[in-house]
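Each remark here refers to the structure printed beneath this line.
Since the structure is predicted, the reported quantities are computational estimates derived from the model, not experimental observations.
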Amino acid sequence: LEAAGVEDIIRRLEAAGVEVVVPRGLSTQEMVDLYSAAKCVVDLYLPGLERIAFEGVLFGAWPILSAVDNGASTEDFPIPPEHLVDPYNASAVVAAALRVVRHHAALEPRFTGMYKSTRDFGAQLLSTSAKLFTTARLQFHLDLNPSRLDEASAVGMALSVP
């Protein structure tokens, strides 16, 4: 996004009485404090793995996300469709953020599922990993170059299999 577009969005939100904080260079504790005080998080650039939406939900800050790139994936971001916006439409971004700020409490039930799945993600990942690597139905077949094979390299290669 061009800086002018983001600046325009910030100016419009501040004109509507919304305090806007751009989280740059903050410590972990400062981020926790910011999430705890926030009603909304906005992320308009989602090229890959993103955390702000999930971290925000854990603290009750409902996300507004770009409807392009990874933001368009309901698998990656299971949020209500009205929380996905065209990142180049400043009016849509501002309207969505104002709706979240003004109706924050009423929106909580719409994020219960995302909150629970985010909260339980670590335990689910460990459980899935344990099942994957302890099942008798799974086999790993490694094609190795015998001239470079020794016990240490075989273990290293096995551990690095994606």
Side-chain angles (χ1 to χ4, degrees), residues 1-133 156-162:
L1 291 178
E2 295 179 11
V6 172
E7 290 172 7
D8 181 41
I9 291 167
I10 292 171
R11 183 185 50 74
R12 290 188 200 188
L13 288 170
E14 289 177 339
V18 176
E19 179 184 358
V20 177
V21 178
V22 179
R24 289 194 180 116
L26 300 179
S27 69
T28 300
Q29 186 56 54
E30 289 169 325
M31 284 301 295
V32 168
D33 294 343
L34 184 59
Y35 284 132
S36 297
K39 290 186 176 182
C40 180
V41 294
V42 178
D43 194 342
L44 301 177
Y45 183 62
L46 301 163
L49 180 62
E50 304 294 331
R51 297 182 354 216
I52 196 168
F54 299 100
E55 291 172 351
V57 164
L58 290 175
F59 289 91
W62 314 140
I64 299 295
L65 303 177
S66 169
V68 299
D69 295 327
N70 287 352
S73 170
T74 56
E75 185 74 25
D76 289 341
F77 298 102
I79 65 173
E82 63 271 17
H83 290 260
L84 297 172
V85 295
D86 176 352
Y88 299 102
N89 182 339
S91 296
V93 175
V94 170
L98 289 176
R99 185 178 62 251
V100 170
V101 169
R102 292 177 179 154
H103 305 287
H104 181 264
L107 294 171
E108 183 173 358
R110 308 225 36 211
F111 289 95
T112 302
M114 186 175 181
Y115 170 84
K116 287 180 181 176
S117 67
T118 302
R119 181 196 63 202
D120 298 339
F121 179 77
Q124 291 170 354
L125 179 62
L126 288 175
S127 173
T128 301
S129 297
K131 290 175 187 170
L132 176 68
F133 290 106
M157 293 174 86
L159 293 177
S160 67
V161 173

query: Say you draw a straight line from CG of Asp33 to OG of Ser27; how long is it, rounded to the nearest 0.5 Å?
result: 7.5 Å
- request: Decide yes or no for Ile52 and Pro63: does some side-chain heavy atom of the first lie under 4.5 Å from some side-chain heavy atom of the second?
  value: no
- prompt: Rounded to the nearest 0.5 Å, how far apart are CZ of Arg99 and SG of Cys40?
  reply: 9.5 Å
field: Steps toward side chain to side chain contact (heavy atoms under 4.5 Å, CB included) verdict (Val42, Ile9)
entry: CA-CA 11 Å; Val42 178; Ile9 291 167; over 6 Å; no
field: From Lys39 atom NZ to Leu107 atom CG, the distance as rounded to the nearest 0.5 Å
entry: 11.0 Å
- line: Hits for salt bridge (charged side-chain N to carboxylate O under 4.0 Å, His left out) against Arg110, two or more places apart or cross-chain, chain-then-number order -> Glu82
task: Check whether any side-chain N or O of His83 sits under 3.5 Å from a backbone N or O of Val100 as a donor-acceptor pair, and report yes or no.
output: no
message: Could you work out, with salt bridge (charged side-chain N to carboxylate O under 4.0 Å, His left out) as the rule, every residue matching Arg12, not counting sequence neighbours?
response: Asp8
query: Heavy-atom distance under 4.5 Å between the side chains of Asn89 and Val93, does that happen here?
result: no
task: Using a cut-off of 6.0 Å, state whether more than 12 heavy atoms not belonging to Glu108 lie near its atom CD.
output: no
- prompt: With a 4.5 Å heavy-atom cut-off, do Val41 and Val57 have their side chains touching?
  reply: no
- request: Kindly say whether Gly71 contributes a backbone atom to a donor-acceptor pair with the side chain of Asp69 at under 3.5 angstrom?
  value: no
field: side chain to side chain contact (heavy atoms under 4.5 Å, CB included) between Phe59 and Val32, intermediate numbers included
entry: CA-CA 8 Å; Phe59 289 91; Val32 168; 3.8 Å; yes
field: Heavy-atom closest contact (Arg102 atom, Ala16 atom, distance)
entry: NH2-CB, 4.3 Å
message: Using 0.5 Å steps for rounding, measure from the CG atom of Asp43 to the CD1 atom of Ile64.
response: 11.5 Å
field: Gap between atom OH of Tyr35 and atom CE of Met31 - 0.5 Å precision
entry: 3.5 Å
message: How long is the straight-line distance from CG of Leu65 back to OH of Tyr45, given to the nearest 0.5 Å?
response: 14.5 Å
- request: Could you pull out the closest heavy-atom pair between Val85 and Ala92, with the gap in Å?
  value: CG1-O, 3.9 Å
